[in-house]
Amino acid sequence: MKWVIIGAVVLIVLFVAFCVYVDRSTKIKKPGICSVRTSNGAILICYCFDQRNYEVVGIKRQRKHIIIPDTVDGKHKITALNFFDGEYVSSYKRVRHIHLPASMEDINEDAWGDNFQISYRMNAFCSFPNLKSITVDEQNPVFTAHEGMIYKNGTKLMAAAPGILGTVTIGKDVNKIAKSALLDLKKVTSFSVEEDNPCYKSVDGVLYTKSGKKLLQYPILKIGARFSVPEGVKKIRAEAFFNQRYVQMVEMPESLRTIGRAAFAGARMLRNVKLNEKLRVMEEDAFAYTRVRQLTLPKSLRTAEIGSLPVKELVIPKKLGDISVAHRDGEGILRASKLYIENPALNLNAIENFEGNSIFSSMEIHAYEGSLPYRQIKEVADQYLIDLVAIPGKRYDAPPEHWGPVDTSWYSDEKEEFFISTPEQFAGLSKLAKDGEWFSGQTFYLKCDLDMRQYANFQPVQEFDGVFDGQGNRIYNLHIYRLEDNVGLFSELEEEGMIKNLCVSGEVTGGNCTGGIVGASEGMVENCTFKGKVKGYGYSGKIIGFDFEQDYWHRL
């Protein structure tokens with residue numbers, strides 16, 4: 001009996017061992033992670049993403065040449081390349097050449113990483129710092145390669161090998177360049193473009209769109225301490241100077257309107273930046289981790305991320321109303337030791353308070369007495385040990401809360417059409433909106449002209465999602481004074497909202513997104529006019545302060 005039991009145990013052990021052996025020999029056929037040995041002994045890590053096809057996500061054993069096979073087992077194709085899949089992100093310094101098979105259909109071109117705690121796009125091959133050559137099987141219907149660069153359908157540059165030395169040349173047939181294609185090229189000194197290319201050009205080794213309106217990429221290894229962005233450039237694209245090694249001073253042209261996200265981040269030699277007077281937008285981390293210690297924000301600036309600016313003193317101009325911040329090293333997000341806030345309507349409470357950190361690391365903050373930021377800082381000054389100083393010369397009074405006579409008796413949420421004929425009824429529309437009505441699916445008709453002189457500070461109609469048809473009538477003697485965002489006769493027009501056939505006259509003053517008729521709009525405004533004065537501390541316009549559909553400010 002004893003030997004029978006021993007024999008049975010041995011058989012069970014042998015059976016389990018056999019199953020393990022079989023599993024190991026066939027595991028690449030199962031969905032999920034598997035290892036694939038190449039013809040020259042490299043081992044790839046592959047992942048089955050749709051029960052049928054595999055993508056290469058890492059390398060377990062490196063070789064100088066990585067030759068990716070068509071399949072993992074003779075049946076399941078390798079169709080994608082994604083070296084940013086979680087735990088398999090690594091640095092493959094030994095690899096000099098990668099060959100893509102005929103089966104390859106997709107390369108991840110929208111990967112993101114963190115460098116200096118900054119989120120930025122990554123070259124599809126950034127894990128291969130010494131990669132100099134990329135080749136593609138001649139039978140591949142999607143990709144081709146030439147001189148260390150890979151193209152999709154022959155016209156879109158997907159990525160360049162990070163180990164390329166010297167000059168990168170953009171061919172005449174390239175009509176699109178992936179946003180991450182030319183990042184992480186730490187050994188490139190210049191970009192050139194073939195003469196007949198209709199979309200791109202190179203000037204002194206720097207890559208631009210053909211029109212010259214966008215600066216796309218500045219070589220990381222281009223030598224030169226000073227650079228003047230050419231006149232005509234309207235936008236510096238995100239990460240254009242990322243990790244640049246030599247530039248110390250940059251001068252912006254008057255044509256420039258936008259500095260993209262992380263455009264100069266990590267350019268550690270950069271010390272001096274001269275911003276132009278017509279700059280409108282400065283995106284996140286634009287100058288993070290540089291040596292810039294002084295930066296004058298122009299009065300024209302409307303949108304800016306300021307938390308990552310490495311400056312000692314910062315002046316926020318009066319029309320900079322759209323502010324975002326980036327958190328750095330666990331500190332407060334307004335990092336300047338002295339902060340001057342000239343915008344009297346800047347709502348500091350709208351700045352996100354991340355993980356319980358104070359939004360302030362500044363020890364000394366200057367603001368106009370009575371302004372919105374002054375009142376907000378005063379409430380927390382003792383808690384965060386802030387020295388609050390009044391800027392001399394101006395004082396702002398808090399806007400009075402004034403409703404005036406209101407009539408809501410005419411409204412029923414069961415009806416779809418309404419006719420407004422008195423100022424009191426229109427004030428009732430505002431009161432109903434403040435109480436939470438959106439008016440979705442409802443239409444309001446203005447039957448006659450309305451004189452709003454009895455309302456010293458009219459409360460805007462908030463978050464309107466219905467239809468308001470003025471039928472060519474006027475609303476006049478309108479007075480609105482509110483130190484807050486989204487100010488107008490209608491503060492916010494929602495996506496399904498519409499205002500049409502309306503004439504308005506009066507005076508409107510507000511913070512960011514201030515318009516005579518609509519402060520911030522996602523809906524439709526048709527056949528409307530405004531006569532009078534509109535003053536906004538941020539984006540502003542006679543009719544619409546900011547149109548999210550058009551994504552531009554309406555000039556006064």
Side-chain angles (χ1 to χ4, degrees), residues 114-120 183 186 206 215 217-230 233 235-317 320 322-342 351 359-366:
D114 290 308
N115 192 347
F116 317 117
Q117 298 181 336
I118 298 171
S119 293
Y120 73 104
L183 294 177
K186 296 180 176 63
V206 182
L215 190 159
Q217 206 71 46
Y218 192 96
I220 290 178
L221 212 59
K222 179 177 171 63
I223 296 175
R226 179 169 181 166
F227 179 70
S228 294
V229 179
V233 172
K235 181 175 182 178
I236 298 175
R237 195 165 74 170
E239 297 128 352
F241 290 76
F242 192 82
N243 279 342
Q244 215 288 327
R245 297 186 183 182
Y246 296 106
V247 172
Q248 298 179 30
M249 178 177 180
V250 174
E251 186 174 2
M252 308 299 180
E254 283 304 301
S255 59
L256 189 67
R257 297 294 179 270
T258 301
I259 299 176
R261 176 186 44 76
F264 294 87
R268 291 193 175 273
M269 296 301 292
L270 183 62
R271 300 172 183 271
N272 299 307
V273 176
K274 184 178 180 181
L275 300 178
N276 59 304
E277 287 302 319
K278 294 184 179 180
L279 183 68
R280 287 280 179 161
V281 177
M282 187 170 68
E283 295 180 355
E284 180 181 355
D285 292 313
F287 297 98
Y289 295 100
T290 64
R291 297 188 181 185
V292 175
R293 294 297 178 264
Q294 292 182 338
L295 193 66
T296 300
L297 301 183
K299 295 179 181 179
S300 59
L301 201 62
R302 297 293 182 267
T303 298
E305 187 278 306
I306 64 172
S308 62
L309 294 177
V311 296
K312 295 180 180 179
E313 294 187 9
L314 185 65
V315 177
I316 299 178
L320 176 53
D322 182 13
I323 289 180
S324 59
V325 295
H327 303 273
R328 293 286 169 263
D329 307 321
E331 299 179 2
I333 53 182
L334 302 181
R335 303 180 66 189
S337 57
K338 288 186 179 181
L339 186 67
Y340 296 82
I341 305 176
E342 295 182 348
I351 299 177
I359 64 170
F360 307 110
S361 60
S362 302
M363 294 295 99
E364 186 175 304
I365 299 180
H366 299 244

Which atom of L270 lies closest to which atom of N272, heavy atoms considered: CD1-O, 3.8 Å
Is there a side-chain contact between L183 and Q217 in this structure, where contact means two heavy atoms from C-beta onward sitting under 4.5 Å apart? yes
Nearest-0.5 Å distance that lies between atom CD in E305 and atom CE in M282: 7.5 Å
Quick one, E239 and R261 - any side-chain contact, counting heavy atoms below 4.5 Å? yes
Which residues satisfy the salt bridge (charged side-chain N to carboxylate O under 4.0 Å, His left out) test with R226, sequence neighbours excluded? E251
Test side chain to side chain contact (heavy atoms under 4.5 Å, CB included) on I236 and F241 and set out the steps. CA-CA 9 Å; I236 298 175; F241 290 76; 4.1 Å; yes
Minimum heavy-atom separation for A265 to D285, with atom names? CB-O, 3.6 Å
Between atom CD1 of I306 and atom CG of L314, what is the distance when rounded to the nearest 0.5 Å? 5.5 Å
Taken in chain and number order and not counting sequence neighbours, the residues that satisfy ring-ring contact (aromatic ring centres under 6.0 Å, His included) with F287 are F264
Test item: Q294 and K312 side chains (from C-beta on) under 4.5 Å apart, heavy atoms: no
Please give me the minimum heavy-atom distance between M252 and I259, naming the atom from each residue. CE-CD1, 4.0 Å
Using side-chain contact (heavy atoms from CB on, under 4.5 Å) as the criterion, list what pairs up with S255, not counting sequence neighbours. E231, P253
Heavy-atom side-chain proximity of L215 to F227 below 4.5 angstrom: yes
Distance (rounded to the nearest 0.5 Å) between M249 CE and K274 NZ: 7.0 Å
Sub-4.5 Å side-chain heavy-atom contact between V281 and K235: no
Taking C-beta and beyond as the side chain, do V292 and L309 meet within less than 4.5 Å on heavy atoms? no
Qualifying residues under side-chain contact (heavy atoms from CB on, under 4.5 Å), relative to K278, sequence neighbours excluded: E254, R257, N276
Of L297, L320, V315, which meets side-chain contact (heavy atoms from CB on, under 4.5 Å) against E342? V315
Lys/Arg N to Asp/Glu carboxylate O, K299 vs E277, below 4.0 Å: no
Would you name the heavy atoms of A262 and F242 that are closest together and state the gap between them? O-CD1, 3.9 Å
Using the test side-chain contact (heavy atoms from CB on, under 4.5 Å), find all partners of R245 that sit at least two apart in sequence or belong to another chain. K186, I220, L221
What's the separation between atom CD1 in I323 and atom CD1 in I341, rounded to the nearest 0.5 Å? 7.5 Å
Taking only residues two or more places apart in sequence, or in another chain, which ones meet Y340 in a ring-ring contact (aromatic ring centres under 6.0 Å, His included)? H366
